[in-house]
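Read the structure below first, then the notes.
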Amino acid sequence: MSASKKLGRADAVRLVKAATRVIVAKGKTLRSFTPGGKAPAEIVEAVLGPTGNLRAPALRVGDTLVVGWNAEAYTDALS
């Protein structure tokens with residue numbers, strides 16, 4: 001998928017539903033969610049930015065979705 005393609009709410013819901021673990025980094029805050037095949041509104045809101053699009057960077061590794069930048073989260077997801 002092109003990096004310039006904007007992913008909106010429907011895309012975020014689809015990604016969250018497909019994940020067994022979602023890690024969201026905002027500043028120094030790191031939150032971890034376990035959606036279990038559901039897309040609770042709290043998780044979807046956490047992965048969306050102020051424009052209503054999926055925040056960047058976003059990385060899916062297997063069943064884990066990492067949104068936002070945090071070196072520790074990416075290291076954990078990739079190991």
Side-chain angles (χ1 to χ4, degrees):
M1 177 179 302
S2 170
S4 64
K5 182 182 183 312
K6 302 292 184 208
L7 299 178
R9 179 175 296 275
D11 298 306
V13 168
R14 181 181 47 78
L15 288 168
V16 168
K17 281 184 176 181
T20 57
R21 183 171 160 213
V22 178
I23 301 170
V24 180
K26 283 189 180 180
K28 294 185 180 191
T29 304
L30 202 67
R31 297 174 66 193
S32 183
F33 300 95
T34 308
K38 300 176 184 172
E42 177 185 10
I43 302 172
V44 174
E45 291 303 318
V47 301
L48 294 176
T51 62
N53 294 319
L54 185 67
R55 293 178 54 237
L59 174 71
R60 189 176 70 192
V61 180
D63 292 338
T64 301
L65 176 65
V66 182
V67 179
W69 175 250
N70 180 287
E72 182 181 325
Y74 279 87
T75 302
D76 182 40
L78 293 171
S79 59

Same cluster (ILVMFWY, side-chain, under 4.5 Å), [X] and [Y]:
| X | Y | result |
| --- | --- | --- |
| Leu65 | Leu7 | yes |
| Leu30 | Phe33 | no |
| Val66 | Leu54 | no |
| Leu59 | Val16 | no |
| Val24 | Trp69 | no |

Do you know which two heavy atoms are closest between [X] and [Y], and how far apart they sit?
| X | Y | result |
| --- | --- | --- |
| Val22 | Ala19 | CG2-CB, 3.9 Å |
| Val47 | Ala12 | CG2-CB, 3.9 Å |
| Glu42 | Arg31 | OE2-NH2, 2.7 Å |
| Gly8 | Asn53 | CA-OD1, 3.8 Å |

Review point. Passes salt bridge (Lys or Arg N to Asp or Glu O under 4.0 Å), Lys28 versus Glu72? Steps please.
Key: CA-CA 11 Å; Lys28 294 185 180 191; Glu72 182 181 325; over 6 Å; no
Practice item. Answer yes or no: are there more than 12 heavy-atom neighbours, outside Lys26 itself, under 6.0 Å from its atom NZ? Key: yes
With a 4.5 Å limit on heavy-atom distance, are the side chains of [X] and [Y] in contact?
| X | Y | value |
| --- | --- | --- |
| Arg21 | Ser32 | yes |
| Arg60 | Leu15 | yes |
| Lys5 | Asp11 | yes |
| Thr64 | Ile23 | yes |

**Study point:** Pairwise distance CG(Asp63) to OG1(Thr20) - rounded to 0.5 angstrom
**Key:** 4.0 Å
Review point. Within the distance-only criterion (no hydrogens, no angle test), does the side chain of Arg55 pair as donor or acceptor with the backbone N or O of Ala25 below 3.5 angstrom?
Key: yes
Check your understanding: Does the distance from a Lys or Arg side-chain N to an Asp or Glu carboxylate O, for Glu45 and Arg9, drop under 4.0 Å?
Key -> yes
